[in-house]
Amino acid sequence: MLDIQTIRQDPDRFRLAMRNKGYRDTGVLDRAVDLDSERKSIVTTVQSARERSNEVAREVGALFKAGRRDEAERAKEEAARLKDAIRVGEDRLREVEASLEAAMLDIPNVAHESVPVGASSEDNLMAFTNGVIPVFDFRPLPHWDLLERHGLVDFGRGAKVAGAGFPFYVGRGARLQRALIQFFLDMAVSAAGYTEVEPPIMVNADSARGTGQLPDKEDQMYEMTRDGLYAIPTAEVPVTNLHRDEIVAEADLPIRYCAYSPCFRREAGSYGKDVRGLNRLHQFDKVELVQFAHPDRSYEALESLREDAERLLQLLALPYRRLVLCTGDMGFAQSKTYDLEVWSAAQERWLEVSSVSNYEAFQARRMWIRYRPADGGRPEFVHTLNGSALALPRIVAALIENNQREDGSIDIPEALRPYTRFDRIA
RNA sequence: GGAGGGAUGCCGGAGUGGUUGAACGGGGCGGUCUCGAAAACCGUUGUACCCUUCGCGGGUACCGAGGGUUCGAAUCCCUCUCCCUCCGCCA
């Protein structure tokens, strides 16, 4: 959510920002500005009625005490009239505020000035490439063939038990998952100093709204209607909401958490696209990094978070590239997003394994997460950031495709061996 | 699932219808004192929104959430949420 005060001062700037993000219809901006001024005029009216009403109530009390019953009764009549006026005003105010809120929730975040303006993924900025793309003197197998050959993942039984996109990881496949999770968490905690949390994997509607899943991406979440809960699509949701409705001390910033969680995504509308093997699942594992940063230092935090994620790819010796998403390809709530993509040797394409974003105050304003300035001034909104470090399935896909040998065996990267306790899968 | 007890400011904790944004204590901040510190003493200490000649200022709301009673509610009534205790069930 953006600040209506700021929008009112310069609507054109926000109109342009919306268009850059690919929204043709910017009418919601004008609606918000109109509703805001209507809201203010109603508030003014209602408040002065209440002020008078408070006066009258005191008068009535005094008159009764003084035994002047007739005058008191007359004053009560005025009180009744005021009460009606207040009620009418409040009803109207409630409607206007609800409409304003709805409008504000529909306005996307503004992209940072360093973000390239563009219409689609074609216009993303390729910022950095690292590592060497492996060359084979045999035809490398796609990961789904390798997984099957070694019995690492059972897609068929997963489909029977839950549905397509809910695999069983088996034996060394399961062990590899656990090793990666442990490795990622250890790096975040020991090397980078994040505080580890294990979050709820279901959240209520307030939390889903706080990070921007609602109302924008409702179709992508599994919903437990009976209990009003949503299965989390990422640990970002519960972990960012951890400080919802709180005021933290400035000295505590940046606050940094890492969390492992399974993630659940309906992937509605993406059937038939990239669905083979581990490319796209309904349930997958991920370690997420979340930061709450001082507004003046959130872009430093973004770079450090990005580096924390990239370091893992380097340690796993996976060739990867870094993109700066253009305005048209980035999400509704983000100000700036880096995507990290690893090379998949058999599929011969780049797979997104991490998305690192600064949301500035967009989420914080929805969640009322503020900090108290050290000088004791009024509370200000923090900036929130998050990034995957990392999403497992595509890491596993790239890892086994890139590290396969002609005999079908798979080498485990050095850094991971202390966790897997095996060097290769043969 | 059943029975009972709670929810007040940064914290503890008063307050059962009329200037109570809220006693008292603690903490924090500022000051006096001190070479410095402690102690003591004095002062101060929430958030949001509206109006403003933007300067100080004025106002409204908020005592878990929402509704109701009343001229007037932290205080009475209803609903909900959360927490605690006991019983049941259970990983």
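Naming convention: chains lettered A, B, ... in sequence-line order (proteins, then strands); numbering from 1 in each chain. Since we're looking at a predicted model, the values are computed, not measured.
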Figure out the [atom1]/[atom2] separation between [X] and [N], and round it to whole Å.
| X | N | atom1 | atom2 | value |
| --- | --- | --- | --- | --- |
| A/I86 | B/A61 | CD1 | P | 9 Å |
| A/E73 | B/C71 | CD | C1' | 9 Å |
| A/I247 | B/G9 | CD1 | P | 13 Å |
| A/E71 | B/C71 | CD | P | 18 Å |
| A/L93 | B/C49 | CG | P | 14 Å |
| A/N54 | B/A73 | CG | C1' | 12 Å |
| A/R365 | B/C49 | CZ | P | 11 Å |
| A/K40 | B/G59 | NZ | C1' | 16 Å |

With both distances kept under 3.5 Å, what pairs with B/C82, Watson-Crick or G-U wobble?
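Here B/C82 is engaged in a pair, and the nucleotide opposite it is B/G6.
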
For B/G17, the Watson-Crick or wobble partner whose two distances fall under 3.5 Å:
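Paired with B/G17, as far as the under-3.5 Å criterion goes, is no nucleotide at all.
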
Identify whether any heavy atom of [X] sits under 4.0 Å from a base atom; if not, whether one sits that close to sugar-phosphate; answer base, sugar-phosphate or nothing.
| X | value |
| --- | --- |
| A/R52 | nothing |
| A/R94 | sugar-phosphate |
| A/R87 | sugar-phosphate |
| A/R74 | nothing |
| A/V56 | nothing |
| A/R378 | sugar-phosphate |
| A/A79 | sugar-phosphate |

When you compare B/A74 with B/G15, how far apart are their C1' atoms, in angstrom units rounded to a whole number?
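Rounded to whole Å, the distance is 8 Å.
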
If we take the C1' atom in both B/G46 and B/C10, what is their distance in whole Å?
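Pairwise C1' distance, B/G46 against B/C10, rounds to 9 Å.
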
Could you check whether any side-chain N or O of A/H282 sits under 3.5 Å from a backbone N or O of A/R265, counting only pairs where one atom can act as donor and the other as acceptor?
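Looks like yes, one N/O pair under 3.5 Å.
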
Can you confirm if the NZ or CZ of A/R306 lies within 45° of the ring axis of A/Y338 and under 6.0 Å from the centre of its six-membered ring?
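Judged by the rule, A/R306 and A/Y338 form a cation-pi pair.
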
For residues A/S335 and A/N109, is any side-chain donor paired with an opposing acceptor at under 3.5 Å?
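Judged by distance alone, the side chains do pair up.
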
Does A/Q47 make a side-chain donor-acceptor contact with the base of B/G59, cut-off 3.5 Å?
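Pair found.
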
Mind checking whether A/Y371 and A/F292 have ring centres under 6.0 Å apart?
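No, they do not, as the ring centres are separated by 6.0 Å or more.
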
Check whether any side-chain nitrogen or oxygen of A/R39 sits under 4.0 Å from OP1 or OP2 of B/C49, and answer yes or no.
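No.
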
Measure the shortest side-chain to side-chain distance between A/S53 and A/K83 over non-hydrogen atoms and say whether it is less than 4.5 angstrom.
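No. Closest side-chain heavy atoms not under 4.5 Å.
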
Could you classify B/G55 for me, syn or anti, using a glycosidic angle within 90° of 0 as syn?
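What B/G55 shows is a syn base, its glycosidic angle lying within 90° of 0.
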
Answer yes or no: is there an ion pair linking A/E55 with A/R58, defined by an N-O contact shorter than 4.0 Å?
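Salt bridge flag = no for A/R58 with A/E55.
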
